[in-house]
Amino acid sequence: MTFEEIGLKSEVLKSLKELGFEAPTPIQEQAIPYLLGEHSDFVGLAQTGTGKTAAFGLPLITKIDNHATVPQGLVICPTRELCLQIAKDLETYAKYLKINIVAVYGGTDIRRQMTEIKKGVAIVVATPGRLMDLIQRKAISLASVEYVVLDEADEMLNMGFKEDIDSILESTPEHKNVWLFSATMPNEVARIAKTYMENPFEVSIGHKNQSNENIDHIYYMVKEKDRYAAVKRLIDFNPQIYGLIFCRTRQETGAVAEKLAKEGYSAEPLHGDLSQAMRDRVMDRFRSKDLQILVATDVAARGLDIDNITHVINYNLPDDIENYTHRSGRTARAGKKGESLVLINTREGGKIRAIEKQMRTTFTQGSVPNAEEICEIQLMKLINKVIKTDVREKEIQKFMPTVMAEFEDLSKEEVIKHFVSAEFNRFIEYYERAGDLNAQNSKDDRGSDDRSNRRERKSDGIESGKTRFFVSIGSRDGLNPGGLLRHICDATGLNSSNIGRIDIMPSFSFFEADDQYATDMVNQVNGTNYEGHDVSIEVTKVKSGGGSGHRGGGGGRKDGGGFGGKFQGNRDGGQRSEGGGQRREGGFRSEGSGQRREGGFRKEGGARSEGGFRKEGGARSEGGFRKEGGARSEGGFRKEGGARSEGGFKKEGGSRSEGGFKKEGTSQRREGGFKKEGGSGSSDRSSSFGKPFKKKL
Ligand code: AMP
């Protein structure tokens, strides 16, 4: 069915076209024709992200008299954010219809809203509390309302708006149409339907309490004390995360967000103790992707309708199972895939079973990534970024003779090894101290053999009998697990049973294949083309005792860069993602805490941080290529700003340079030049190629 066939006004079709809505979503396909009819009491059981706003919004703006000056349509929803979102969506759909739409919600000046209503309004989008206030002040009359939409009815009842909803509905004319949308159908919602509707047409997208099929539900069993560390590993393992972390209480929300922010993650809290202005600010930053992670309570996150959330992390399970549906429903919106990750302790397995039963979904058990797995992901990200970095020939030209002279005695492979080691070395401390965070799982023996599942892994992360390959392209090149599987099978003649786990990252990927095909695999796949992109693969590592699995230059990626065997190196702190400047290119900005840090694995300063790959630090950066801002850089290239550079190149500003080049005015002084070992300047900390670790979408 098309939107044209459904019977919408041409003006509405025009705006849908502009929005790029090509075809109705399932809920729209079922709801819109019915809602356009005469009698239209309606119950839609649909999650957020299914297109339900348009499912009621399009018929509403089509049916309403667009010259109306008193409310004909009333949309009630649980939160201010949702209220604003719905009003905005309706305005967009009604762009060519000139309908007066007003959003009324709490936390802002009521008088301004009263004035707007007075000016004339055809559709009111309201939160229950503020609407009650307006009714009591006689600032709004609902006597002409013909259509009442109750959006996220279960949420409104959860939030204690039962009486308000009853009063509001009683303030509307008896003959009206009620359209109710709810993700779940608890008894209270059923009661509303029974009380205020006549033979409603019921549409259910999926099972009543069923989860969106695009969501992967994964639980991780950890000890209570490891919850926070486990969350960090999950974030580190998913550097591109754009996620929501749910906590149970405001205090916990604040504490988790604060710890993450202090450790350099781009995270902020959202809970009821914050002022409305602060919540707005955080929401704006999150929406604009200036913030990567929002740590929220269930209540604060209600109505938070943001597309593209990649992960929902349940710091712990909600008390009420239905809340889990809402939490997880924040990801995988609009047909996209998403993951809902849950941390449970060893006694909470039963709760997972209960959710599975109620939502008719299945959880897989995950294993919290180990340090090596995280390193691999982060390092590959680094390498990939380095490869894709534009070389600014002009700017570096003048340094090149000296740089080349410094590298003169090293072969290409050695240079790459040094470069890679500069990162690897800092993981040693982690290996020494970072343990396995997976708690013993007594009963759950459900295997998971799906290849996209990175759970059920041995300590080296690779399924036994399999070799792991790096692939030079990722989701940004249009690759998905099915596509990669087909591509490998086509290129090699193998079938899918020979291929194991597949991990698609934005700009590169991994897969595992039976050991015996490893050599042929590289020859057969390298040089192939996937949808216009050259594909090259290489073995990432072999299992224990195997030494290096890296084939430098031999049929691997064009640069021959890769990692093999065990990580080695000196003892050197953790991994730091970035020397903290103020602005970061694109993506997220973590507001510098101003603290000094040396990457995710804290080397000093109080409690040791458990393996976080911080996004970017505070005021000081040690080692690494620093592009802008910040106060100090050691052992890297510094481009601008800041006060001091050690062991690197300094281009401008600053007052002191050791072990590098300094160019101030006409004088150029050199002490020690470009360091060969570890890239560290005078500091004993090794250099970090910070930027590529940036958590950027
Ligand atoms: P909702 O469930 O109303 O919050 O909608 C989820 C997302 O899907 C929003 O970003 C909508 O703009 C988008 N959307 C709704 N209907 C369609 C459609 N027919 N085609 C494409 N996108 C849609």
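All residue numbers in this chain count up from 1 along the given sequence. Remember, predicted model here, so these are calculated numbers, not experimental data. As the structure lists them, so they are numbered: ligands from 1, and atoms in each ligand from 1.
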(request) Not counting sequence neighbours, which residues clear salt bridge (Lys or Arg N to Asp or Glu O under 4.0 Å) with Arg130? List them please. (result) none
(message) One residue to check: Ala23. Relative to ligand 1, which of side chain, backbone, both or neither has a non-hydrogen atom less than 4.0 Å away?
(response) backbone
(message) If I apply the N/O under 3.5 Å rule, does Gly51 come out as touching ligand 1?
(response) yes
(message) For the residue pair Tyr324 / Ser340, report whether a side-chain donor-acceptor contact shorter than 3.5 Å exists.
(response) yes
(message) With a heavy-atom distance limit of 4.0 Å, tell me whether Phe3 approaches ligand 1 through its side chain, its backbone, both, or neither.
(response) side chain
(request) Kindly confirm or rule out a cation-pi arrangement of Lys289 over Tyr242, judged by NZ or CZ under 6.0 Å from the six-membered ring centre and within 45° of its axis? (result) yes
(request) For ligand 1, find out whether one of its N or O atoms is nearer than 3.5 Å to an N or O atom of Glu22. (result) no
(message) Suppose we call two aromatic rings close when their centres sit under 6.0 Å apart. Are Phe42 and Phe181 close by that rule?
(response) yes
(message) We want to know whether Asp89 and Gln85 form a side-chain donor-acceptor pair, criterion being a heavy-atom distance below 3.5 angstrom.
(response) yes
(request) Any atoms of ligand 1 less than 4.0 Å from a non-hydrogen atom of Lys52? List them with their elements. (result) 1 (P), 2 (O), 3 (O)
(message) Need the ligand 1 atom indices (1-based, order shown) with element for anything under 4.0 Å from a heavy-atom of Thr25.
(response) 16 (N), 17 (C), 18 (C), 19 (N)
(request) Give the single entry among Tyr93, Phe56, Phe21, Phe181 that approaches atom 14 (N) of ligand 1 most closely by any heavy atom. (result) Phe21
(message) Going by the rule salt bridge (Lys or Arg N to Asp or Glu O under 4.0 Å), which residues pair with Arg279 if we only count those two or more places apart in sequence or in a different chain?
(response) none
(request) Using a 4.0 Å heavy-atom threshold (strictly under), name the region of Asp307 that reaches ligand 1: side chain, backbone, both or neither. (result) side chain
(request) Measure Gln28 to ligand 1 on non-hydrogen atoms and call it side chain, backbone, both or neither using the 4.0 Å cut-off. (result) side chain
(message) If I compare all heavy atoms of Leu169 with all of Lys176, which pair ends up nearest, and what's the gap?
(response) O-NZ, 3.6 Å
(request) Select the closest option to atom 3 (O) of ligand 1 among Thr53, Asp89, Ile27, judged by heavy-atom distance. (result) Thr53
